[in-house]
Amino acid sequence: MSDDHGAPGDLHEPILGWYADHARDLPWRHDDCSAWGVLVSEVMLQQTPVARVLPVWLEWMERWPTPRDLALAPAGDAVRAWGRLGYPRRALRLHQSAVAIVEQHGSEVPATEAELLTLPGVGTYTAAAVACFAHGERTVVVDTNVRRVEARAVTGAALPAAALTRAETALAATLVPADPAVARVWNVAVMELGALVCTARSPRCPDCPVAHLCAWRLAGSPAYDGPPRKGQAWEGTDRQVRGAMLAVLRAADGPVGLAGLAAACPDDEVRRMRCLDGLVTDGLVEPLGRGRFTLPR
DNA sequence: TATTCGTGGCC
DNA sequence: TGGCCAAGAAT
């Protein structure tokens, strides 16, 4: 029909069609899911796989079905209910967001990106995602999946650059359909394609609806040739100790003494105290005096 | 712009 | 086996 093979517009029909057939049935995508449910899901999904988020999200929605419900609970309850999703400051920020939504937004999750961006823990991606998926706004949603799909299909690179570039955002913007309702499906469809088919390590190109026009494939699927990607250090980091300390506090019924927290880092008192200080500064741990600590009240 | 911040599963 | 990676945000 068109002779300009590879034009960005050619991606729409195949990807939207693929999504219609292969989308996962996730509760936060249901029409009856509240904007609050969408916001909670988006924050939980930051750097955390769907499989791990699902049971915790269901628990949260049952326990705190509205922002007001969470705002009325102690912050520590949110941190404990966060379980082992990782990056527990997200739980704290979600609680702070709930309070802000109640106090400053009439208990309704804001609909515009600008307002959403004022909420703690809500950045560029999450604001665009919530405005779009919860409120139907036509936004440009750019997450790691979108970046990878577009890097391959359009740019021809094996992987996107380490940091989001203006060019990527501009490209993504040109690809978002003009109609808000279609844009909404497009945004989630590209993410889904990246999550299920156009994966980082071993992409399932035979299952890809745009393999025939993928610039990366047409170039012979060249290996990544950019600057070396530095991994996420873990062994011997403060994160490891902070995580262990928080695990102790989550498991405990009441306050925990320094001796109990020492198990998280038995061989290095300097690091141990630095991490504890950091947790207190972050608001994830509350000092009670006399060397006793608890999750925030 | 580069770091820091959890956790666990997978190839 | 272990490095890599997962719907990022804040500083």
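Note on naming: letters A, B, ... go to the chains in the order of the sequence lines (proteins, then strands), and numbering restarts at 1 for each one.
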Can you check whether A/Lys230 has a side-chain N or O nearer than 4.0 Å to OP1 or OP2 of C/dC4?
no

Do any side-chain atoms of residues 256-269 of chain A form donor-acceptor pairs under 3.5 angstrom with protein atoms, and if so which ones, sequence neighbours left out?
unit_1: A/Asp268; atom_1: OD1; unit_2: A/Val270; atom_2: N; d: 3.2
unit_1: A/Asp268; atom_1: OD1; unit_2: A/Arg271; atom_2: N; d: 3.0

Once side-chain hydrogen bond (donor to acceptor under 3.5 Å, both in side chains) is applied, what residue pairs with a partner in residues 41-50 of chain A remain, sequence neighbours excluded?
A/Glu42-A/Tyr125, A/Gln46-A/Thr126, A/Thr48-A/Arg90

Sub-4.0 Å heavy-atom contacts from residues 125-140 of chain A onto DNA chain C, ordered by number:
A/Tyr125, A/Thr126

Could you check which residues of residues 13-29 of chain A get a heavy atom under 4.0 Å from DNA chain B? Sort them by number, please.
none

In this structure, CG of A/Leu116 is separated from CD of A/Glu137 (nearest 0.5 Å) by 9.0 Å

For A/Thr124, answer base if it contacts any base atom (sugar-phosphate contacts may also be present), sugar-phosphate if it contacts only those atoms, and nothing otherwise; contact means non-hydrogen atoms under 4.0 Å.
sugar-phosphate

Applying side-chain contact (heavy atoms from CB on, under 4.5 Å), name anything that partners A/Thr112, two or more places apart in sequence or on another chain.
A/Ala114, A/Glu115

Under 4.0 Å from OP1 or OP2 of C/dA7: is there any side-chain N or O of A/Arg147 that close?
no

A/Leu171-A/Ile15 co-clustered via ILVMFWY side chain contacts under 4.5 Å
yes

Just wondering, do A/Leu279 and A/Phe293 contact through their side chains at under 4.5 Å, heavy atoms?
no

Within the 4.0 Å heavy-atom criterion, would you say A/Ala51 contacts the bases, only the backbone, or no part of the nucleic acid?
nothing

Examine A/Leu246 and A/Val56 and state if one hydrophobic cluster contains both, with Ile, Leu, Val, Met, Phe, Trp and Tyr joined whenever side-chain heavy atoms are less than 4.5 Å apart.
no

Can you label the angle between the A/His22 ring and the A/Trp18 ring as parallel, tilted or perpendicular, going by 30° and 60°?
parallel

Give the B/S/- string for nucleotides 5-11 of chain B, one per nucleotide from 5' to 3', where a protein heavy atom under 4.0 Å of the base yields B, of only the sugar-phosphate yields S, and otherwise -.
BBBBBB-

